[in-house]
Amino acid sequence: MLHTPASPRLTFEDAVSVHVLRAHGTIFSELTRIFGANPARFHEILCGDLFPGSWEEAVQRLAAGECWSPDISNLIDAHGRERVLASVMAASPAKKKFERQRKRFLKSSPISIRLLRIG
């Protein structure tokens with residue numbers, strides 16, 4: 001009987017790092033290599049469904065000048081803290097969720113679509 005290894009569990013700390021790395025352009029396959037987790041978990045983190053508050057924690061830590069992992073430290077050394085912080089702040093899960101809901105609303109509402117075409 002083959003024993004399959006347990007899937008790695010992401011922690012809140014990992015989620016904080018995922019927000020920073022993804023906001024600065026790290027692709028899902030690279031995140032999978034770094035953390036060894038299913039790419040669907042990264043999507044849940046980035047949407048704010050898994051580990052709520054991790055994006056806010058990432059912004060707070062970067063603003064305070066913290067470097068909590070070697071990957072984050074390398075990113076800050078290469079691009080500068082302000083640029084990394086700006087990219088994370090632009091990748092807010094709340095903003096993404098709002099844009100998705102707005103897009104769904106526009107698709108489902110014939111009245112609003114007509115108004116967009118007129119105006």
Side-chain angles (χ1 to χ4, degrees):
M1 185 173 194
L2 291 174
H3 175 68
T4 57
S7 62
R9 299 222 181 242
L10 292 170
T11 64
F12 186 81
E13 190 81 13
D14 294 336
V16 173
S17 295
V18 166
H19 281 290
V20 176
L21 294 170
R22 182 65 183 142
H24 213 68
T26 304
I27 59 176
F28 278 64
S29 59
E30 186 67 15
L31 291 173
T32 301
R33 185 192 64 75
I34 293 169
F35 297 103
N38 183 329
R41 299 296 78 80
F42 303 129
H43 178 72
E44 291 172 352
I45 290 169
L46 295 169
C47 290
D49 297 334
L50 186 62
F51 299 113
S54 56
W55 177 80
E56 291 85 357
E57 181 70 19
V59 170
Q60 184 180 19
R61 287 184 183 185
L62 285 171
E66 292 182 36
C67 288
W68 58 93
S69 81
D71 293 315
I72 303 305
S73 181
N74 292 339
L75 196 61
I76 289 171
D77 290 343
H79 302 285
R81 183 172 311 283
E82 292 303 316
R83 185 170 174 197
V84 173
L85 179 59
S87 67
V88 173
M89 290 180 72
S92 168
K95 179 181 173 186
K96 290 179 188 178
K97 193 173 280 188
F98 170 77
E99 289 171 354
R100 278 196 317 269
Q101 289 172 343
R102 181 177 175 272
K103 187 175 180 181
R104 281 189 205 127
F105 173 75
L106 290 175
K107 281 184 174 181
S108 67
S109 176
I111 295 171
S112 61
I113 293 172
R114 277 189 246 134
L115 290 175
L116 285 176
R117 289 183 185 156
I118 294 170

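None of these values were measured; they are calculated from a predicted model.
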Report summary line: Looking only at heavy atoms, the pair that brings Ile76 and Cys67 closest together is CD1-SG, 3.7 Å

Report task. State yes or no: do Val18 and Ile27 share one hydrophobic cluster built from I, L, V, M, F, W and Y residues joined by side-chain heavy-atom distances below 4.5 Å, directly or via other members? Result -> no

Query raised in the report: So, for Val88 and Ala58, which heavy atoms are closest and what is the spacing to 0.1 Å?
Result: CG1-CB, 4.4 Å

Requested in this report: Scan for side-chain hydrogen bond (donor to acceptor under 3.5 Å, both in side chains) pairs involving residues 76-90, sequence neighbours excluded, and state none if there are none.
Outcome: His24-Ser87

**Report entry** Pairwise side-chain contact, Pro93 with Leu46, heavy-atom cut-off 4.5 Å (strictly under)
**Finding:** no

Query raised in the report: Which side-chain hydrogen bond (donor to acceptor under 3.5 Å, both in side chains) pairs, counting each pair once, include a residue from residues 50-71, with sequence neighbours left out?
Result: Glu13-Arg61, Ser17-Trp68, His19-Ser54, Glu57-Arg61

Report task. Evaluate the side-chain proximity of Leu10 to Phe51: yes if any heavy-atom separation is below 4.5 Å, no if none is. Result -> yes

Query raised in the report: What orientation do Phe35 and Phe42 show, parallel under 30°, tilted 30 to 60°, or perpendicular over 60°?
Result: tilted

Report summary line: So the side-chain hydrogen bond (donor to acceptor under 3.5 Å, both in side chains) pairs with at least one residue in residues 28-40 (sequence neighbours excluded) are Glu30-Arg33

Query - Test item: Leu21 and Ile72 side chains (from C-beta on) under 4.5 Å apart, heavy atoms - result: yes

